[in-house]
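No hydrogens, no waters, no symmetry mates; every other heavy atom, side chains included, goes into these values. What you see is a predicted model; the values in this text were computed from it and never measured.
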Amino acid sequence: MIRFHKPRLRRLRVVALATTGLLVASALVAPASNAQTVPQAAKAPALTNTIPGVDEIVSSPNLRQIANVPKVAPLDATNSDIAFQGKYAFAGNYNGFVIYDISRPSAPTVKARVLCPGSQNDISVHGDLLFLSTDSSRSDDSCNSTTQGADVKGSWEGIKVFDIKDKANPRYIKSVETACGSHTHTLVPGKDRKAVYLYVSSYSPRAEFPDCQPPHDSISIIKVPVKKPTDAAVVATPNLFPDGGFPGSQTGSATTGCHDITAYPSKDLAAGACMGDGILLDIKNREAPRVINRVRDEVNFAFWHSATFNNSGTKVIFTDELGGGGAATCNETVGPNRGADAIYDIAGRGNARTMTFRSYYKIPRANADTENCVAHNGSLIPVLGKDIMVQAWYQGGISVFDFTDSANPKEIAFWERGPLSADTFVGGGTWSAYYYNGHIYSNDMVKGLDVLELNDWRTWSAKLTRYQELNVQTQPSYLGW
């Protein structure tokens, strides 16, 4: 979700569910361009205009919900990202995080709830360690902190580290402050396995913020010694845009940092979604990532939000979070090319690698004007011989699509709830939808954790791949052909 400023201070399956309200701040931003010209995509067919009723669930026959765990106080704020390890799912919430036991996907149970306010609480795990991003200005680095203005020098934002060896009793052990806070972070294992690195993304500097001064064209890199995590510290702040990023336009966000980075450690590659720019990074030297290619889309992209590689590393998908996750953009007025995914082919080797635009993908269903809907977080599904991913679209629900032919992506499954309100704009929907060891897990901002089962002949081979640990922005490889 975009943070615009630091206040710092249908074949149908139907299920009835209770309604919960959540208002998401709304602002509309748009496209971006640079050396590469992005062609207009071909006109898409008309959107399906059947909109479910309030809280009505609809889906394609091959994707069904098998469980839901509602939010409860005090973790009843906005749900955010998810990470996985063994039989556990770790779900972020603006008030802390929840650890779920998912050994029975159809009946998840809560292992622990940890109250530790600090949006967004973007989350990742490694061994006995859990990392949380804090991107809201706080009075201190404790879990008892209160909101405090970013114009106060003593305010704190950054990364919190927890020991999760005892899943029922996580312990807060370390904090690391970072410039402009930590909107998101990406875990990158060190080459020697003795340390992990966190690539911290943040943005929106202001002259009146002492710890977030413009220009802010960098990321913060935190090194965490695995055996002594309390020694975690910032070891580098590489400038990714020494010549400046996209300056912004009436339709596109200026680049003042990155929103999110997806690393592909086994290929020493990363993709940065950096507001007005999409970048490809060489991360062979974990402490000195280098930009090797950059693209812009000034026609249709508003805010470069996140990235996903295919398994071979020959394609990358960038998402455009048009409207910051707080606007109704899945409709005929906005159209199929804005607030969508952009699929790029990656060609060449080493420093000569380049990204070439191939097509846009957006869900082929119209949503109500009372629903926030735009491209958000998703993951690759480990299907042999094909490129298939699952993705969250807020109240647009969950879409599974095949982009093996990068010029012609096609949806193969979907699942969604109807609007939270029929006559008033209310924000909500799925923040992250990720495939993990045979099931799709969705952290719905309002409704809680959803578990879905995908049964499709095109994805059966994904069940052959099992991960012991999965942080989606630390993209793993799997056996292919």
Asp141 vs Ser175, side chain to side chain donor-acceptor pair (under 3.5 Å): CA-CA, chis, key distance, verdict: CA-CA 7 Å; Asp141 64 352; Ser175 70; 2.5 Å; yes

Sidechain-backbone polar pair: Glu287 side chain, Val235 backbone, donor-acceptor under 3.5 Å: no

Pair Arg290 + Asp282, salt bridge at N-O below 4.0 Å: yes

Tyr94 and Ser136, any side-chain heavy atoms less than 4.5 Å apart: no

Donor-acceptor contact present, side-chain Tyr435 to main-chain Gly378, <3.5 Å: no

Distance in Å, Ile317 CD1 paired with Tyr344 OH, rounded so as to fall on 0.5 Å steps: 12.0 Å

Flag side-chain contact, heavy atom, 4.5 Å: Glu416 against Gln395: no

Member of Thr459, Ile398, Leu454, Leu452 meeting the side-chain contact (heavy atoms from CB on, under 4.5 Å) criterion with Val390: Ile398

Trp431 versus Ala392, closest heavy-atom pair with distance: O-CB, 3.6 Å

Results of side-chain hydrogen bond (donor to acceptor under 3.5 Å, both in side chains) for Asp122 - residues two or more places apart only: none

Heavy-atom side-chain contact between Cys373 and Ile363 under 4.5 Å: yes

Lys174 atom NZ, neighbour heavy-atom count above 12 within 6.0 Å: yes

Sole candidate of Thr430, Asn377, Thr308, Asp341 that passes side-chain hydrogen bond (donor to acceptor under 3.5 Å, both in side chains) when paired with Gln391: Asp341

Close side-chain approach of Pro265 to Thr474, heavy-atom, < 4.5 Å: yes

side-chain contact (heavy atoms from CB on, under 4.5 Å) between Asn372 and Phe425, worked out: CA-CA 8 Å; Asn372 58 313; Phe425 182 90; 3.7 Å; yes

Check: Ser253 side chain, Phe303 main-chain N or O, donor-acceptor pair, under 3.5 Å: no

Backbone N/O of Thr109 and side chain of Asp101: donor-acceptor pair under 3.5 Å: no

Intermediate values then yes/no, side-chain contact (heavy atoms from CB on, under 4.5 Å), Asn79 and Asp444: CA-CA 6 Å; Asn79 278 339; Asp444 188 287; 5.6 Å; no

Donor-acceptor contact present, side-chain Asp450 to main-chain Ser442, <3.5 Å: no

Carboxylate-amine/guanidinium contact Asp128 Lys165, below 4.0 Å: no

Nearest-0.5 Å distance that lies between atom NZ in Lys167 and atom NZ in Lys87: 9.5 Å

Heavy-atom pair with the smallest gap, counting every atom of Ala232 and Ile222: CB-CG2, 4.2 Å

Distance (rounded to the nearest 0.5 Å) between His216 NE2 and Ser204 OG: 9.0 Å

Any side-chain heavy-atom pair of Thr186 and Thr262 under 4.5 Å: no

Side-chain donor/acceptor of Arg417 to backbone N/O of Gly429, under 3.5 Å: no

Exercise: identify the closest heavy-atom pair between Asp211 and Ser155: OD2-O, 3.8 Å

Salt bridge present between Lys315 and Asp387 (N-O < 4.0 angstrom): yes

Pair Asn144-Ser142, side chain to side chain donor-acceptor pair (under 3.5 Å): steps then yes or no: CA-CA 5 Å; Asn144 297 314; Ser142 76; 4.7 Å; no

Ring-ring centroid check Phe84 Tyr441, cutoff 6.0 Å: yes

pair Ile123-Leu130: side-chain heavy atoms closer than 4.5 Å: yes

Sequence neighbours excluded, every pair satisfying ring pair (Phe, Tyr, Trp, His ring centres under 6.0 Å) that has a member inside residues 122-172: Phe97-Phe162, Phe162-Tyr172

Ile283 backbone acceptor or donor facing Arg286 side chain under 3.5 Å: yes

Check: Gln85 side chain, Gly127 main-chain N or O, donor-acceptor pair, under 3.5 Å: yes

Taking every non-hydrogen atom, the tightest pair across Leu479 and Leu384: O-CD2, 2.7 Å

Spacing of CE belonging to Met389 relative to CZ belonging to Phe401, to within rounding of 0.5 Å: 4.5 Å

Ring-ring centroid check Trp304 His259, cutoff 6.0 Å: no

Asn310 and Tyr264: CA distance, side-chain angles, deciding distance, side-chain contact (heavy atoms from CB on, under 4.5 Å) verdict: CA-CA 10 Å; Asn310 69 338; Tyr264 202 156; over 6 Å; no

Arg171 and Asn169, any side-chain heavy atoms less than 4.5 Å apart: no

Atom of Ala307, atom of Val316 and distance for their closest heavy-atom approach: CB-CG2, 4.2 Å

Nearest non-hydrogen partners of Pro117 and Ser145, listed with the distance: O-OG, 4.3 Å

Side-chain donor or acceptor of Thr255 paired with backbone N/O of Met275 under 3.5 Å: no

Asn471 side chain to Val125 backbone, donor-acceptor under 3.5 Å: yes

Lys191/Asp268 ion pair, N-O < 4.0 Å: yes

Any side-chain heavy-atom pair of Tyr361 and Ser399 under 4.5 Å: yes

Neighbour count above 12 (heavy atom, 6.0 Å) for Lys284 NZ: no

Distance (rounded to the nearest 0.5 Å) between Arg206 CZ and Asp151 CG: 9.5 Å

Straight-line distance of Cys258 SG to Asp277 CG, nearest 0.5 Å: 8.5 Å

Identified side-chain hydrogen bond (donor to acceptor under 3.5 Å, both in side chains) counterpart of Ser133 within the set Lys160, Gln120, Glu157, His185: His185

side-chain contact (heavy atoms from CB on, under 4.5 Å) between Asn437 and Ile102, worked out: CA-CA 11 Å; Asn437 292 355; Ile102 55 171; over 6 Å; no

Matching residue for Ser306 among Asp260, Thr319, Thr184, Asp320 - test: side-chain hydrogen bond (donor to acceptor under 3.5 Å, both in side chains): Thr319

Chi angles and distances behind the side chain to side chain donor-acceptor pair (under 3.5 Å) call for Asn443, Ser432: CA-CA 6 Å; Asn443 210 17; Ser432 300; over 6 Å; no

